Number of protein chains: 2
Amino acid sequence: MSGEKNTEAQIIAAAKKIFMQKGLAGARMQDIADEAGINKAMLHYYYRSKDKLFEIIFNEAADNVFRVLSAILQSDMPFREMIAAIIDNYIDNLIKNPYLPVFVLNEIHQNPERIVSRFTKSGNSPDIQAFMDKVNKAQKKKQIRSIQPLQLLLNIVSMCIFPFAARPLIQTVSGASDQQWKELMEERKALVTEFILRALEP
Amino acid sequence: MSGEKNTEAQIIAAAKKIFMQKGLAGARMQDIADEAGINKAMLHYYYRSKDKLFEIIFNEAADNVFRVLSAILQSDMPFREMIAAIIDNYIDNLIKNPYLPVFVLNEIHQNPERIVSRFTKSGNSPDIQAFMDKVNKAQKKKQIRSIQPLQLLLNIVSMCIFPFAARPLIQTVSGASDQQWKELMEERKALVTEFILRALEP
DNA sequence: GTCTATAGCTGGATAGAC
DNA sequence: GTCTATCCAGCTATAGAC
């Protein structure tokens, strides 16, 4: 009875780290056990199988991706503030979770059904319709020029997420140190917001 | 002597398909053999090991990613045309190679040294400096407003590549069919170009 | 060159002692 | 609950016949 809750949490933390870095196929139960400072048998004792353990980690990660969007879409800030909030929150979140994009993108790609079911399961799926309504409303009011809402949303999340997915490549190409990388991403918060708002000027 | 050159090419084509979809860790030599219509032993006869075969496929894919950029960066078109050309070529290329982004991103992430060595090996590494010079020159001429060139480049490639990396998620969220997806991406060529040029207006 | 058979190893999962 | 030992499936790689 010594570990129990504690061991459980340690396993989740270790699994998160390993799965995020190596993906489902690349991760080894032994890696996770080592990371958690226990042995393989315990993993099965608590979480039955590799797949079950993975599912927990993946769902948590997928929810994380959605949550950032949906929280903001549900609020009713003015259009420009909403854009700024989406970008600020995404980039902040990704600075804290650098492996998230590649992990989620890769596993979705390997098994698309996973994300479909997670999205349908509602709870915190982002309300895309609400976003579209807001864009259309801002257009009617002549606050922004005409643009297809889905394409705008793609532009926003692309500019937020992609640099993190391509980080090793970007650091190689640009020769940026880890410190410079962080500064570059911090700069992006204001820069991307301004970039988008300028592009939308009527 | 029957197959020879032909068999070799068949193996590469099959390996490309399987590795692109499943990645290094997820792919099985048996999958590749099945796809090529031969048996496992042949793979080793021609390419020695799984790692060697993978390296060939990965290098080809990485070069592809770089080539799109470097060809345009080497030409000396006017600034606005260069932007349009980068976007057109990237999106066209990705419509033809939908698995490319996730594959390259994921494998770079698993083993960053791979891309570093590929980039250093020159040949067709994109000339980032040339891009930066062009942006600075356009700024001096007051053709565009002030922006850090690297950030601009990130914005451009992000908007081109990310949607393809996130395709299953986007189709789920938006409910787009495969046909609608293709139309959406075709639309993006003009849309992203206009979006960027508007954001850069002085 | 191409195939079948199999060696040799890795890794997920379980049995059973404590 | 936790550990050690072990089973067994699946995989890469090779040996050897044709």
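Labels below follow one simple rule: chain letters A, B, ... track the order of the sequence lines, proteins then strands, and each chain is numbered from 1. Fair warning: this is a prediction, and the values are worked out from it, not measured in the lab.
- One finds a side-chain N or O of B:Tyr46 lying less than 4.0 angstrom from the OP1 or OP2 phosphate oxygen of C:dT2.
- Here the C1' atom of nucleotide D:dA13 and the CG atom of B:Asn39 are 13 Å apart, to the nearest Å.
- Atom-to-atom, CG of B:Leu53 to C1' of D:dA13 comes out at 14 Å; the value is rounded to the nearest Å.
- Residue B:Met42 contributes atom CE, which lies 6 Å from atom P of C:dC3 at whole-angstrom precision.
- Of the possible donor and acceptor atoms, none in the side chain of B:Asn93 sits under 3.5 Å from a partner among the backbone N and O of B:Asn89.
- Between B:Ile170 and B:Pro163, the shortest heavy-atom distance links the atoms CD1-O, 3.5 Å.
- Distance CZ (A:Phe54) to P (C:dA13): 14 Å, rounded to an integer number of Å.
- In terms of modelled atom types and a separation under 3.5 Å, the side chain of A:Asp127 and the main chain of A:Ala130 share a donor-acceptor contact.
- Spacing between atom NE2 of A:His44 and atom P of D:dC8 amounts to 16 Å, rounded to whole angstrom units.
- Between A:Tyr45 atom OH and D:dA5 atom C1' the separation is 19 Å, expressed in whole Å.
- C:dT10 atom C1' lies 11 Å from atom CD of A:Gln30, rounded to whole Å.
- When the nucleotides D:dA13, D:dT4, D:dT2 are ranked by their closest atom to the side chain of A:Ala41, D:dT4 comes out on top.
- Within 4.0 Å of A:Met29, counting heavy atoms only, lie sugar-phosphate atoms of the nucleic acid but no base atom.
- Under the 6.0 Å cut-off for aromatic ring centres, A:His109 and B:Phe103 do not qualify, their centroids lying 6.0 Å or more apart.
- When rounded to the nearest whole Å, the span between CG of B:Asp51 and C1' of D:dA13 equals 12 Å.
- Nearest to the side-chain atoms of A:Ser49 among the listed nucleotides C:dT2, D:dG1, C:dA13 stands C:dA13.
- At the phosphate of D:dT2, OP1 or OP2 sits under 4.0 Å from a side-chain N or O atom of A:Thr7.
- A close approach under 4.0 Å does not occur between any side-chain nitrogen or oxygen of A:Arg28 and OP1 or OP2 of C:dT10.
- The backbone N or O of B:Ser125 sits nowhere less than 3.5 Å from a side-chain atom of B:Ser70 that would complete a donor-acceptor pair.
- In terms of polar N and O atoms assigned as donor or acceptor, the side chain of A:Lys40 never comes within less than 3.5 Å of the base of C:dG11 in a complementary pairing.
- Among the atoms of the strands shown, only primed sugar atoms or phosphate atoms (P, OP1, OP2) are found under 4.0 Å from some heavy atom of B:Ala27.
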